[in-house]
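Heads up, the thing below is written out as structure tokens.
All values below were derived from every heavy atom in this structure, side-chain atoms included, with hydrogens, water molecules and symmetry-related copies excluded. In what follows, chains carry the letters A, B, and so on, assigned in the order in which the sequence lines appear, proteins first and then strands, with residues in each chain numbered from 1.
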Number of protein chains: 2
Amino acid sequence: MPLSRPSLVQIAEQVGVSPATVSRAFNRPELLNDATRERILTTAKRLGFRPNRVGSSLRSGSTKTLGLLLPTLANPVFAACFEGAEARALEAGYSVMLATTGYDSQRERTAARSLLDHRVEGLILTVSDPSASATLDELTANDVPFVLAYNESDRHPFVSVDNRAAAGDMVEHLAACGHRQLAMISGPLDASDRASKRLDGVLDRAARLGLPAPTHVSMPRHTAADRARLRSLLSSPRPPTALFCSNDLLATAVIFELAALGFRVPRDLSVCGFDAMAFGALMVPSLASVHQPSTEIGSQACQELLSALGGEGSRSLRLPHRLFGGGTVASLPHHAVHPSHRYP
Amino acid sequence: MPLSRPSLVQIAEQVGVSPATVSRAFNRPELLNDATRERILTTAKRLGFRPNRVGSSLRSGSTKTLGLLLPTLANPVFAACFEGAEARALEAGYSVMLATTGYDSQRERTAARSLLDHRVEGLILTVSDPSASATLDELTANDVPFVLAYNESDRHPFVSVDNRAAAGDMVEHLAACGHRQLAMISGPLDASDRASKRLDGVLDRAARLGLPAPTHVSMPRHTAADRARLRSLLSSPRPPTALFCSNDLLATAVIFELAALGFRVPRDLSVCGFDAMAFGALMVPSLASVHQPSTEIGSQACQELLSALGGEGSRSLRLPHRLFGGGTVASLPHHAVHPSHRYP
DNA sequence: CGCCAGACTGCAAACGTTTTCATCGTTGCA
DNA sequence: TGCAACGATGAAAACGTTTGCAGTCTGGCG
């Protein structure tokens, strides 16, 4: 029952060997005589010794720790990302230090600094705008390896889906269901490049399909729907028949507010989201959405970071997305829908 | 553009003072002559110096880091707990190291060990069974301060709601709505003492109210509903009219499976959950549930841990729960409901 | 003038490891 | 027999801080 955990040297004294030998018993066991190794290991266990990573990190210069910097865990997408990254890190013998930013670029910087102060060896992070991020500049200047998650960038390694294409696919689905007048609903665009890319994808694909230009409504927060803005959108001269929300949390909030405004989904209006969180599939009606593989985004980002640390450099990855048709999108009855446009 | 970040001594050399003085410039600025302090701080900034916490931790014996050990972040309850704890820790100048256990007591132990190896100064954790947990024993033996979150225990400090009472209150609500034959649905009881306490609460309160003894069905996982078990429950001689699920995720899954079995909620069957995750309020119909203040559980647990570290000892706290009536629970029409039993 | 307090700073020893280099037997082989 | 090579271990110097102690200098006061 050791009051303060024993150190290497205490074990060394007990066993009657040098500290170096004890260290080797844990790190390079094959170097030791079987007998000594056993002797060391047993007394170590008896005294409840575990090597102090602080000392080890200081001397070796490696903390075996990765930093993870995400907007919020309230969005299950990021929670899954963490779990993916954590699992992969664990396999590689790394630990993970998590910090959240609340979509705030100020906190983004201070949190990143804090992680660096702890001497994490690299970072996985999601930033507001990777093309103009003080945090990323700082990381680059300090030669800290990092991999972006969810962000897309042509200057930095990232792991994400192809947000443009994914949003486009959803537009295609909506069009196939007979919708022509679309609206995109998002949070503040400057706090999420994902939302921007998705909006681009929506506009682009709509144009390509010959639909009238979708309108865009920006909500004050990423996950809450403002009733007034919603009302004014729907009372415009040519109101949309389908609302594409930039994430599932927002989509759910929108559906809720629509109910309050007297609109029923999907009878009066179709709604879809993005992320395909597990929850959406259980909603009644189920939420139409585009699935992005968050756990894999986390684990792959971790994988890329690890190989960067291993000196192999890291690629950027666009993982496949998948369209989830759902009950919240209805086919407009008065439109003939070409069979090839149907989704399962 | 420093290739490897400079150290205290480099700054000291640059400025022409001793390392001790540089250290003081950051930790005890009031001890220094204003001029020297300024000189140090500016060159430190110029060279991009930030004190290395590894060295600092080693020497001072304090890492200013807390460990957080939770079952899974896939449950928003725990995600919120993290955010609460993180925020409080940040205020106190602490960082947080998070690890998840997946409800697995094996991983529970190894993850706790890993956190201790990092020399976290204390732990906030949720275990399967606090009354028989090898992990807790180990923590106690090593004199590591810790606070349980969500668990209740008479041997260890904890922060939670009163699960028994909370579950009881929901039973009361159901009874007030005219339900008499209840069923409790949970995951494996041995992996969650919360579920056990809630079941106790249900049985106890039902007995007290003179209801027939509720049946209990255990699902293989905490968040997934097994269709077969559900079917057999509902085809029993006296099927329940209301299902109390031990958490909201499970409740949602149950509602989904019920739909597949042809039951509509709440017309054919009432369903309620526990946790009152934000999401449930947005469901249509909204999910009846018992709210537990997860963010506060996290921040208060952190608070208690901090005061334990400060030597003040830590209390156990039962935070107030709150009943959320919701659309998934219907009043049985053929029952007169006493007005005093109504909930807002 | 002498002395002391106080303000400021430096010296050097830790903290718990890892790792290079050296040491010392032993063994294999010519 | 001599020598190289090898296996097993130790000595000691780092890694970047913090901190008790001691030192220097200044000014104030008797």
Checklist entry - B:Phe158 and B:Phe146: aromatic ring centres closer than 6.0 Å? => result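 Not close enough - the centres of the two rings lie 6.0 Å or further apart.
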Checklist entry - Would a line drawn from the ring center of A:Phe26 to the ring center of A:Phe49 be shorter than 6.0 Å? => result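 For A:Phe26 and A:Phe49, the ring centres are under 6.0 Å apart.
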Taking 4.0 angstrom as the limit, do [X] and [Y] come out as a salt bridge?
| X | Y | answer |
| --- | --- | --- |
| B:Arg88 | B:Glu86 | no |
| A:Arg109 | A:Glu138 | yes |
| B:Arg50 | A:Asp117 | yes |
| A:Arg119 | A:Glu121 | no |

Atom [atom1] of [X] and atom [atom2] of [N]: how far apart are they, to the nearest Å?
| X | N | atom1 | atom2 | result |
| --- | --- | --- | --- | --- |
| A:Asn27 | C:dT19 | CG | P | 7 Å |
| B:Lys64 | D:dT17 | NZ | P | 17 Å |
| A:His118 | D:dT17 | NE2 | P | 14 Å |
| A:Glu13 | D:dG10 | CD | C1' | 15 Å |

Euclidean distance, [Y] [atom2] relative to [X] [atom1], rounded to 0.5 Å:
| X | Y | atom1 | atom2 | value |
| --- | --- | --- | --- | --- |
| A:Glu304 | A:Ser299 | CD | OG | 10.5 Å |
| B:Gln303 | B:Glu91 | CD | CD | 8.5 Å |
| B:Thr100 | A:Glu83 | OG1 | CD | 4.5 Å |
| B:Ser160 | B:Asn151 | OG | CG | 8.0 Å |

Checklist outcome for this item: Quick tally for nucleotides 20-28 of chain C: nucleotides whose base has a protein heavy atom under 4.0 Å get B, sugar-phosphate-only ones S, the rest -, giving B--------
Next on the checklist: As a test of understanding, state which of A:Val159, A:Leu68, A:Leu66, A:Leu90 forms a side chain to side chain contact (heavy atoms under 4.5 Å, CB included) with A:Cys302.
Outcome noted: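 In the set A:Val159, A:Leu68, A:Leu66, A:Leu90, the residue that makes a side chain to side chain contact (heavy atoms under 4.5 Å, CB included) with A:Cys302 is A:Leu66.
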Throw together a table of side-chain donor-acceptor distances under 3.5 angstrom for residues 73-80 of chain B, partners on residues two or more places apart or in other chains.
{"unit_1": "B:Asn75", "atom_1": "OD1", "unit_2": "B:Val77", "atom_2": "N", "d": "3.0"}

Next on the checklist: Does A:Arg113, at its CZ atom, have more than 12 non-hydrogen atoms belonging to other residues, nucleotides or ligands within less than 6.0 Å?
Outcome noted: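 Result for CZ/A:Arg113: enclosed.
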Checklist entry - Hey, does the side chain of B:Ser60 reach the backbone of B:Ser62 with a donor-acceptor pair shorter than 3.5 angstrom? => result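 Confirmed, B:Ser60 side chain pairs with B:Ser62 backbone.
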Under 3.5 Å between N/O atoms: give me all the protein pairs with nucleotides 13-16 of chain D, atom names plus distance.
{"unit_1": "D:dA14", "atom_1": "N3", "unit_2": "A:Arg59", "atom_2": "NH1", "d": "3.0"}
{"unit_1": "D:dC15", "atom_1": "O2", "unit_2": "A:Arg59", "atom_2": "N", "d": "3.0"}
{"unit_1": "D:dG16", "atom_1": "N2", "unit_2": "B:Gly55", "atom_2": "O", "d": "3.2"}

Enumerate the protein-to-nucleotides 22-24 of chain D contacts in which both atoms are nitrogen or oxygen and the separation is below 3.5 Å.
none

Item to check | Residue pair A:Ser131 / A:Asp129, side-chain donor-acceptor N/O under 3.5 Å | outcome: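 Judged by distance alone, the side chains do pair up.
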Next on the checklist: Taking any heavy-atom pair under 4.0 Å as a contact, classify B:Thr21: base, sugar-phosphate, or nothing.
Outcome noted: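 Sugar-phosphate, no base atom in range.
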Checklist entry - To the nearest 10 degrees, what angle separates the axes at the start and end of the helix from C:dC1-D:dG30 to C:dA30-D:dT1, five pairs each? => result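 Both end axes considered, the difference amounts to 60°.
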Checklist entry - Where along residues 30-38 of chain A does a heavy atom fall under 4.0 Å from DNA chain C? => result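 Nucleic-acid contacts, sorted: none.
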